[in-house]
Amino acid sequence: MKKIDKVNYNYAFLFYDVNEKRVQKVFKVCKKYLSHFQYSVFRGEITPSLLIKLRGDLEKVIDKSEDFVCIIKLKNDNVFGEEILGTPDNNTGEDLII
C-alpha cells in the first residue's frame with residue numbers, strides 16, 4: 001500500500017466566475033483571507049486551517065450548480081514564476097463592491 005503524504009499548502013491563487021447576484025458576497029469572503037489581485041482573482045499566503053475556513057465560507061454563499069470557484073494551492077510563494085505583460089490595470093474591481 002502506497003503511503004500518501006499530507007501536504008500543507010501555504011500559498012493560494014483563487015479565481016471565480018459566479019452569478020451576478022453573489023459576486024459581492026464571494027468578493028467579501030475572498031478579501032477576508034487573500035489579497036485582491038485583479039477583478040475576480042485573489043492570491044496570497046494562507047495557513048491550512050484558514051484555507052479550510054475559506055472553503056467553508058465560500059460553500060455557504062455560492063450555488064454549486066451555477067457558480068465556479070477555483071483554488072490553486074501551492075506550498076509557498078517561491079514555487080511558481082509570474083510574468084505580467086502590459087501595464088497592470090489600476091481598476092482592481094473593488095469598485096464593484098457597494
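Counting begins at 1 with the first residue of the sequence. Remember, it's a predicted structure, so these values are computed and weren't measured experimentally.
Considering only heavy atoms from C-beta on, Lys60 stays 4.5 Å or farther from Lys25 through its side chain. Within the 4.5 Å cutoff, no side-chain heavy atoms of Val61 are placed close to those of Asp67. Put simply, the side chain of Asp57 reaches to within 4.5 Å of the side chain of Tyr33, judged on heavy atoms. Contact annotation: the side chain of Ile72 approaches that of Cys70 to within less than 4.5 Å [non-hydrogen atoms, C-beta and beyond]. Between Glu66 and Arg22 there is a side-chain heavy-atom pair separated by less than 4.5 Å. Between Lys73 and Ile71 the shortest side-chain heavy-atom distance falls below 4.5 Å.
Side chain of Asn10 to backbone of Lys75: a donor-acceptor contact under 3.5 angstrom is found. Side-chain atoms of Ser40 do not come within 3.5 Å of backbone N or O of Asp17 as any donor-acceptor pair.
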Report task. Before giving the answer on side-chain contact (heavy atoms from CB on, under 4.5 Å), spell out for Leu58 and Arg55 the whole-Å C-alpha distance, their side-chain angles and the decisive distance to 0.1 Å. Result -> CA-CA 5 Å; Leu58 285 170; Arg55 191 180 308 116; 5.9 Å; no
Report task. Apply side-chain contact (heavy atoms from CB on, under 4.5 Å) to the pair Asp63 and Asn19, showing each step before the final yes or no. Result -> CA-CA 8 Å; Asp63 179 341; Asn19 186 293; over 6 Å; no
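Closest of all the heavy-atom pairs between Leu34 and Ala12 is CD2-O, 4.3 Å. A pairwise comparison of heavy atoms in Leu14 and Cys30 identifies CD2-SG, 3.4 Å as the closest pair. Smallest separation of non-hydrogen atoms from Tyr16 and Val23: OH-O, 4.3 Å.
Counting only residues at least two apart or on different chains, the ring-ring contact (aromatic ring centres under 6.0 Å, His included) pairs with a member in residues 42-64 are Phe27-Phe42, His36-Phe42.
With hydrophobic clusters built from ILVMFWY side chains whose heavy atoms lie under 4.5 angstrom apart, Phe68 shares a cluster with Phe37.
Annotation: cation-pi pair Arg43/Phe13 absent, no NZ/CZ under 6.0 Å from the ring centroid and within 45° of its normal.
Taking CG of Leu51 as the start and CG of Leu54 as the end, the distance is 6.0 Å to the nearest 0.5 Å. With rounding to the nearest 0.5 Å, the separation of CD1 in Ile46 from CD1 in Ile52 is 10.0 Å.
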